[in-house]
Every structure is written in structure tokens, then in C-alpha cells.
Participant: 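My questions all concern the structure below.
Only heavy atoms go into these numbers, but all of them, side chains included; no hydrogens, no water, no symmetry mates. Counting convention: from 1, in listed order, for ligands and their atoms alike. Starting from 1, each residue takes its place in the sequence as its number.
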Amino acid sequence: MRIVLLGAPGSGKGTQAKRLSERYDIPQIATGDLLREALASGSELGRRAREAMDAGRLVSDEIVLGIIRERLARDDAANGFILDGFPRNTAQAEALDKMLGKLDQPLDTALLLEIDPDALIQRLTGRLSCPECGRVYNIYTRPPKLDNQCDHDGTELVHRSDDNESTIENRLRVFESHTRPVIDHYKANERLITVDAEGEIDEITKRLREVLKPFAKASGKRKKG
Ligand code: AMP
């Protein structure tokens, strides 16, 4: 299964991509995570990405496409993947179509997590995540059982440095101006499925699995055949 997961910052892409990745046994490829890793490792690439990330702007297509090209070439992506946070503009979407076209591995579908924009600020300002396992919490709506500790492995939770109000506003503006057209790109090719991303996390996962059923069956058959 080859899936793109689209949605505004805070719409739940990371949380749902992680669950789908476990369910279908395909890697979650999140450009934001890959960029944060590059930044933490102190690499040249991370250094070049830092300024844009701190300001909530998009990192250059050159950097992001390089990361994606490398990641998709790894063995574990051969049977499918779920892209989370990529593509973020139409140039990236077109480059992805070309890349996958050359590999004769077209996308199955693009899923859009749709949510009321007013809910996003609270989701982002309250967001905490586990640096060890990637689980995401929210101090307002989904707090961990113990203060600031991951329920799963007890690791101290972290608040992303770009989850502050001024950067968030910028990220939401960037989504509207650059990423909204990506939705139209997939709509025009009839590859877009919109899913309501409001409500309980389990409920949203259920909705996603429901719309993915036809693709799961098709890829199961391909594997057997
Ligand atoms: P995310 O974790 O997806 O919210 O991404 C965090 C930040 O990484 C974004 O605000 C951008 O600065 C950068 N970023 C992530 N993915 C992309 C992408 N596909 N294109 C450009 N910049 C990106």
C-alpha cells in the first residue's frame, strides 16, 4: 500500500500514520521527523533546514526531495509506505508522482484528515510527544497518566520547539497557501479520500481503515500472486 496522508499541522497525521504503519506493516515516512533527526545529529543538512523549521516555513524542496528519494530507496519501502507531512507543495507532489512513476509504483491514494481549523491551535500548543516511541499526548485533551511521562515506556515527554503560538500561526498560513493546492492536485487525479478527523483517536483510525479496505485487499492479492 502506498499512501499519502494530508492534513493541517495538528490534524493528527503523525498519530494516525503510526497506527496505520503498524496495522499494515509499512514504514511511516515523516519528513518532519527525518528533518528533526538531521537537526539533532548536527549534520550539514540539519543546519541548512534549521532556520526554516524554527520560523515555521517550508524547508527547500531540494533538501526535502533528497531526503525522500533516499528514504524511498530503502528496502523496507519496497512493499509500500505511508508518507506523513510530504508532499507539502505542488512541486513536491509532482516530483513524487515522477519518482514513483519511474519505479512503476504509483500511489494508491491520498487521505485528507479534515478538521475544524479552530481546534488546531489547542491541539498544537498542548502537544507533547515521546522521543522514544513517538506516542503523542495533549495536556488539555489527552494527558499522560503520570505528569510528563510516556504511559508506554516512562520516557520524559517533550514539547516541540516549533509548537509555540507565533510559529504555529506561520505553519497554518503555510498550510493554507502551499499545501492546500496539493489537496487539489490529488482531487484532480481522483486520488483523494477525505476523512473526518474530529473525535476519538480510535474512531478516526477506524474510519481510515474502512476507506483503506479496497487497497489493503488489492495489495494482499498482489503479495500472494
Ligand atoms: P512536521 O513535523 O510535519 O510538522 O514538520 C515540521 C517542520 O519541518 C515544518 O514546519 C517544516 O519547516 C519542515 N518540513 C516538514 N516536512 C516538510 C516538507 N515536506 N517540505 C518542506 N518542509 C517540511
Participant: Any idea which residues sit under 4.0 Å from ligand 1, heavy-atom distances?
Facilitator: T31, G32, L35, R36, M53, R57, L58, V59, V64, G85, F86, R88, Q92, R160, D162, R171
Participant: Start with the C-alpha distance between E176 and R173, add both sets of side-chain angles, then the distance that settles salt bridge (charged side-chain N to carboxylate O under 4.0 Å, His left out), and finish with yes or no.
Facilitator: CA-CA 5 Å; E176 286 307 325; R173 262 200 302 271; over 6 Å; no
Participant: Using a strict 4.0 Å threshold on nitrogen-to-oxygen distance, state whether K18 and E22 make a salt bridge.
Facilitator: yes
Participant: Should side-chain heavy atoms under 4.5 Å link Ile, Leu, Val, Met, Phe, Trp and Tyr, which residues sit in the same cluster as I201?
Facilitator: none
Participant: Check side chain to side chain donor-acceptor pair (under 3.5 Å) between R71 and all other residues, then give those that pass, not counting sequence neighbours.
Facilitator: D76
Participant: Do the non-hydrogen side-chain atoms of V182 and V4 ever get within less than 4.5 Å of each other?
Facilitator: no
Participant: Partners of D33 by salt bridge (Lys or Arg N to Asp or Glu O under 4.0 Å), sequence neighbours excluded?
Facilitator: R36
